[in-house]
Q: 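The structure follows.
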Protein chains: 2
Amino acid sequence: MIKYSNQTRILTAIDCIIFGFDGSDYKLLLIQRGFAPEKEKWSLMGGFLQPSESLDEAADRVLKKLTGLENVYMEQMHTFSKPDRDPVERTIAVAYVALIDIQKYKKQISNDFHAHWFPMNELPNLIFDHEEMVNMAKSRLRYKAALHPILFELLPAKFTLPHLQAMYESLYETNIDKRNFTRKVLSTNMLVKEKEKDKTSSKKGAFYYSIDKTQYKDQFQTVLNFIPRNEMPNANE
Amino acid sequence: MIKYSNQTRILTAIDCIIFGFDGSDYKLLLIQRGFAPEKEKWSLMGGFLQPSESLDEAADRVLKKLTGLENVYMEQMHTFSKPDRDPVERTIAVAYVALIDIQKYKKQISNDFHAHWFPMNELPNLIFDHEEMVNMAKSRLRYKAALHPILFELLPAKFTLPHLQAMYESLYETNIDKRNFTRKVLSTNMLVKEKEKDKTSSKKGAFYYSIDKTQYKDQFQTVLNFIPRNEMPNANE
DNA sequence: ACAAAAGTGTTGCCCGTACACCCATGA
DNA sequence: TCATGGGTGTACGGGCAACACTTTTGT
């Protein structure tokens with residue numbers, strides 16, 4: 001087969017920005033690079049695009065290799081391309097953002113990569129342009145979560161309303177009135193009240209809720225309003 | 001310098017989805033390919049990423065080559081990567097969306113590419129996965145324009161309120177109450193009323209307005225509400 | 001004079017916000 | 001019994017949508 005002539009072929013990398021929420025803080029899953037350059041420095045989990053796979057497949061593969069998880073919420077964010085972003089040789093990097101239930105991950109931890117969950121405000125220095133990727137991902141998450149129920153992807157199967165609210169309050173660094181928040185969230189019909197309570201964080205105990213997946217899917221695209229108008233973030237682009 | 005070993009290097013293309021608005025219809029600028037494969041078929045304007053440029057620079061270069069325009073509103077949309085999307089050899093394509101004032105373009109037309117503006121509902125068949133790109137771009141434009149004053153990028157320096165309203169009505173295929181629309185738009189302080197009128201589309205004539213660029217930049221990130229709630233589009237991802 | 005498009009105000013309703021007390025339980 | 005966090009209702013106000021007539025001017 002004839003090829004395009006006189007064009008430069010370069011490497012394509014995938015990097016995954018993996019968010020989790022532990023009940024009070026957002027965390028990022030980072031690895032310690034096992035190969036040069038920048039060996040042993042902290043980095044996003046990544047890999048190179050292989051000949052027979054699409055970028056989405058590559059991202060799934062990379063995420064699974066690190067966490068063991070499949071069918072995780074993940075979407076392509078942005079492609080980074082500064083000519084000198086990788087000092088070894090020219091590489092463009094397609095960044096993916098994944099939101100995972102931090103509990104699920106804990107069971108599947110693979111130690112091959114020296115992975116570690118870092119709280120968002122205590123991130124180590126990262127290699128290459130990975131900090132830029134993380135900053136963009138944070139800003140996009142804030143933007144998107146203000147409009148769509150995307151943060152639910154970070155929750156375990158059963159969670160409490162205070163837990164959910166803490167997740168929003170932490171992301172927007174604000175306090176939300178719990179009566180208004182509860183009313184808004186429940187009015188979407190996306191939550192199902194369970195019979196059991198979570199007694200780990202109070203004496204009275206807080207009822208567990210779970211997601212009504214049908215409602216969730218139907219309403220995922222809807223523009224919501226869990227965040228008071230004044231606290232709305234800016235677009236990032 | 002040492003390179004990464006055993007990894008596949010592939011071509012990276014840039015494709016530009018170029019939107020215009022002629023006063024009543026949205027249009028897309030397409031070219032007739034001058035080289036194989038699919039020679040003479042209609043296609044998005046594109047090119048290959050060169051060794052010393054970033055993707056943004058490549059997109060600017062490609063857009064300028066076709067239209068002569070610089071400093072145009074353009075942003076990276078998505079990277080397409082199906083292994084067989086280009087039959088010649090594996091190529092990933094980074095799609096950029098540009099919004100241009102169709103009047104400006106007319107003066108600068110470059111005939112090298114047999115370019116033509118097609119109305120959005122009369123698009124020809126496109127090569128490769130370019131239709132998928134266009135569909136995603138349409139859907140993202142609808143989403144983003146419902147929240148941010150991005151469509152102003154399509155307007156000439158002076159335009160009328162009926163012109164502006166037609167642009168929104170066409171994109172959302174809906175009728176908007178002109179009293180409510182005017183009030184909302186003017187309340188942003190982004191528009192400056194000019195002294196002259198446009199008499200081409202009515203006997204009475206409609207006042208020209210222009211953009212207050214300071215206000216526009218300040219408010220670009222704000223979440224707006226020109227579109228009635230019921231007509232709000234869905235997210236696309 | 002009439003046709004065709006531009007311009008302009010008011011009302012009602014709904015949604016979003018502010019706000020404070022009681023409940024359940026373990027220690 | 002008391003301390004801790006969970007759960008609930010109301011009233012007010014602003015913003016959004018619905019709605020129709022007058023103005024201008026070219027023909």
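Throughout, a chain's letter reflects where its sequence line sits, starting with A, and its residues are numbered from 1. Remember, it's a predicted structure, so these values are computed and weren't measured experimentally.
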Q: If you compare every side-chain N and O of Asn225(A) against the phosphate oxygens of dC15(C) (OP1, OP2), does one of them come in below 4.0 Å?
A: no
Q: Is there a donor in the side chain of Glu169(B) and an acceptor in the side chain of Thr174(B), or the other way round, less than 3.5 Å apart?
A: no
Q: What is the distance, to the nearest angstrom, from the NZ atom on Lys178(A) to the C1' atom on dC21(C)?
A: 10 Å
Q: Rounded to the Å, how far apart are Gln165(B) CD and dA6(C) P?
A: 9 Å
Q: To the nearest Å, how far apart are Arg179(A) CZ and dG5(D) P?
A: 18 Å
Q: Side-chain contact, heavy-atom cut-off 4.5 Å: Phe19(B) with Leu171(B)?
A: no
Q: Report the residue (Lys203(B) or Ala206(B)) whose heavy-atom-nearest nucleotide on DNA chain C is the more 5′ of the two.
A: Lys203(B)
Q: Pick out which of Ile14(B), Val134(B), Ile18(B) makes a side chain to side chain contact (heavy atoms under 4.5 Å, CB included) with Leu44(B).
A: Val134(B)
Q: Quick one: on DNA chain D, does Asn180(A) or His163(A) contact a more 5' nucleotide (nearest heavy atom)?
A: His163(A)
Q: If you take any heavy atom closer than 4.0 Å to DNA chain C, which residues from residues 186-202 of chain A end up in contact?
A: Lys199(A)
Q: Once you round it to whole Å, what is the distance between P of dG7(C) and OH of Tyr208(B)?
A: 12 Å
Q: Any non-hydrogen side-chain atom of Asp101(A) less than 4.5 Å from a side-chain atom of Leu154(A)?
A: no
Q: Figure out the CG/P separation between Asp177(A) and dC19(C), and round it to whole Å.
A: 9 Å
Q: Take the angle between the ring planes of His163(B) and Phe21(B) and call it parallel below 30°, perpendicular above 60°, tilted in between.
A: parallel
Q: Assess, by modelled atom type and distance only, whether the side chains of Asn121(A) and Tyr26(A) contain a donor and an acceptor separated by less than 3.5 Å.
A: no
Q: Provide, to the nearest angstrom, the distance between the CZ atom belonging to Arg183(A) and the P atom belonging to dC19(C).
A: 14 Å
Q: For Lys204(A) and dA27(C), give me the distance from atom NZ to atom C1', rounded to whole Å.
A: 18 Å
Q: Any luck finding a side-chain donor-acceptor pair between Gln103(A) and Tyr105(A) under 3.5 Å?
A: no
Q: Measure NZ/Lys184(A) against P/dC15(C) and give the value in whole Å, please.
A: 12 Å
